[in-house]
**Student:** 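For reference, the structure I am asking about is given below.
Index from 1, following the sequence.
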Amino acid sequence: MSSPPPGQAHLSIADGDETVREHLLTVDVGEADGDVKFRIRNLAKKSDTTGAAILNRLTLDIPRGVIMGVIGPSGSGKSTLLRALNRLWEPPSGTVFLDGRDILDVDVLSLRRKVGMLFQLPVLFEGTVADNIRYGPQLKGKKLSDEDVHKLLTLVDLDSSFSTKTGSEMSVGQSQRVALARTLANSPEVLLLDEPTSALDPISTERIEGALEKLKQKQGMTIVMVSHSIKQIQRIADIVCLLVDGEIVEVLKPDQLSQAQHPMALRFLELSS
Ligand SMILES: Nc1ncnc2c1ncn2[C@@H]1O[C@H](COP(=O)(O)OP(=O)(O)OP(=O)(O)O)[C@@H](O)[C@H]1O
């Protein structure tokens, strides 16, 4: 079999195959595959209180340089999965690999620089936008110039006049873009986004989506985004992963959702049309 193109390791194998789901879930692109950014193997988590499974032995490859959308009903484990990827909770050893390396073997602070995260609501620190953007690099002893700050603002579609504003002078959408710029100041390789636009108006949403597209195209950023909006996933994701009750039940291209076999995927599609 010829090698799949970068970032398409799973999809090219399963294209046109009626048993898409089974193939996608069992295909292993190989231990040393350079096109896989995150390798997740048998990732499990139980509730501390009830012992019920929150994540049920998830196995998934996240290809490098793609936007992967994660969808699923409320409580299906989407945020829990995302949070394992930068050790906001500690996954068991041997379950999550970044560039082939167990993330438990990576210093947690450098992991979080490489794997930045953005939440539903932006929380800016005190001080100006520039202070916020400079914060991460400063911890490493690096001082960003005004030009660096302006470049980061441009990446998120804000003009340089924002650098002197404070959180209280901005809308939630603008603050979210500043939070994104602050994360980007650490030069991450991966962005984890937990419903980053669910509190935003359509114009702000479009701006964030535009920034994410640019980051993927120009910097080859790998992006994993939890979203409740199928339409958003269809707009920007290259691959969509459907979680139901802590299990991955579908991994497919967004335009193949109508061919999904799991009833929940079809339900999602119905609700979004
Ligand atoms: N530390 C924890 N201890 C116990 N239960 C937890 C813990 N963290 C999450 N849960 C439970 O795990 C399940 C999955 O939660 P999670 O937030 O990952 O789901 P989700 O798919 O992101 O949901 P939503 O779409 O509503 O944000 C939920 O039932 C939640 O209550």
Side-chain angles (χ1 to χ4, degrees), residues 9-11 13-15 17-29 36-63 66-86 88-89 91-92 95-97 117-120 190-198 222-273:
H10 273 127
L11 300 167
I13 292 162
D15 274 353
D17 190 327
E18 281 182 12
T19 53
V20 158
R21 181 163 76 93
E22 285 72 14
H23 279 253
L24 287 169
L25 293 177
T26 53
V27 157
D28 190 331
V29 292
V36 177
K37 192 65 184 171
F38 266 113
R39 201 164 78 225
I40 301 168
R41 291 291 177 273
N42 294 315
L43 174 64
K45 180 176 170 69
K46 286 187 173 159
S47 161
D48 301 331
T49 44
T50 64
I54 295 173
L55 295 181
N56 195 359
R57 297 171 59 84
L58 298 193
T59 287
L60 176 71
D61 285 331
I62 302 177
V66 303
I67 300 183
M68 175 175 270
V70 180
I71 58 171
S74 190
S76 56
K78 304 180 296 295
S79 299
T80 307
L81 166 62
L82 215 58
R83 294 162 74 91
L85 302 184
N86 73 351
L88 281 178
W89 71 271
T95 59
V96 181
F97 302 84
M117 187 150 182
L118 203 64
F119 299 92
Q120 191 174 9
V190 180
L191 271 181
L192 307 176
L193 309 168
D194 200 349
E195 299 183 48
T197 61
S198 59
T222 305
I223 297 171
V224 188
M225 177 162 86
V226 170
S227 175
H228 278 288
S229 164
I230 291 279
K231 287 204 166 79
Q232 177 168 63
I233 294 294
Q234 287 174 325
R235 279 195 298 272
I236 69 163
D238 301 294
I239 315 176
V240 53
C241 160
L242 174 64
L243 264 180
V244 177
D245 292 336
E247 296 194 17
I248 294 172
V249 298
E250 301 276 2
V251 180
L252 68 186
K253 288 181 182 172
D255 63 3
Q256 293 174 329
L257 267 170
S258 59
Q259 297 155 36
Q261 303 186 359
H262 196 279
M264 189 58 78
L266 302 175
R267 181 103 184 94
F268 262 75
L269 258 189
E270 271 168 33
L271 290 175
S272 70
S273 55

**Student:** Kindly give the heavy-atom pair with the smallest separation between G72 and L242, and that separation in Å.
**Tutor:** CA-CD1, 3.8 Å

**Student:** Counting only heavy atoms not in D245 (residues, nucleotides, ligands), do more than 12 fall under 6.0 Å from its CG?
**Tutor:** no

**Student:** So, Q256 side chain and K253 main chain: donor-acceptor pair closer than 3.5 Å or not?
**Tutor:** yes

**Student:** Find the distance between CH2 (W89) and CG (L55) and round it off to the nearest 0.5 Å.
**Tutor:** 5.5 Å

**Student:** Using 0.5 Å steps for rounding, measure from the CD1 atom of I233 to the SG atom of C241.
**Tutor:** 10.0 Å

**Student:** If you compare all heavy atoms of S227 against all heavy atoms of E195, which two are closest, and at what distance to 0.1 Å?
**Tutor:** CA-CG, 4.5 Å

**Student:** Apply side-chain contact (heavy atoms from CB on, under 4.5 Å) to I40 and L81, showing your working.
**Tutor:** CA-CA 10 Å; I40 301 168; L81 166 62; 4.0 Å; yes

**Student:** Under a 4.5 Å cut-off applied to non-hydrogen side-chain atoms, are K78 and H228 in contact?
**Tutor:** yes

**Student:** Does L43 form a side-chain contact (heavy atoms from CB on, under 4.5 Å) with V96? I'd like the steps, not just the answer.
**Tutor:** CA-CA 7 Å; L43 174 64; V96 181; 4.2 Å; yes

**Student:** Do you know which two heavy atoms are closest between L58 and E247, and how far apart they sit?
**Tutor:** CD2-CA, 3.8 Å

**Student:** E250 vs M264, test: side-chain contact (heavy atoms from CB on, under 4.5 Å). Steps then yes/no.
**Tutor:** CA-CA 10 Å; E250 301 276 2; M264 189 58 78; over 6 Å; no

**Student:** Report the distance from atom NZ of K45 to atom CZ of R83, rounding to the nearest 0.5 Å.
**Tutor:** 9.0 Å

**Student:** Once rounded to the nearest 0.5 Å, what's the spacing between atom CD1 of I71 and atom CD of Q234?
**Tutor:** 8.5 Å

**Student:** Do the side chains of R41 and T95 get nearer than 4.5 Å, heavy atoms only?
**Tutor:** no

**Student:** Kindly compute the distance separating OG1 (T59) from CG (N42), expressed to the nearest 0.5 Å.
**Tutor:** 4.0 Å

**Student:** Is it the case that S47 and T49 place a side-chain donor and acceptor less than 3.5 Å from each other?
**Tutor:** yes

**Student:** Would you mind reporting whether V224 and L82 have side-chain heavy atoms less than 4.5 Å apart?
**Tutor:** yes

**Student:** Of all the heavy-atom pairs spanning P254 and A237, show the shortest one and how long it is.
**Tutor:** CG-O, 3.2 Å

**Student:** State the CG-CG distance between L192 and L85, to the nearest 0.5 angstrom.
**Tutor:** 5.5 Å

**Student:** So does I67 get a backbone contact from the side chain of D238, meaning a donor-acceptor N/O pair under 3.5 Å?
**Tutor:** yes

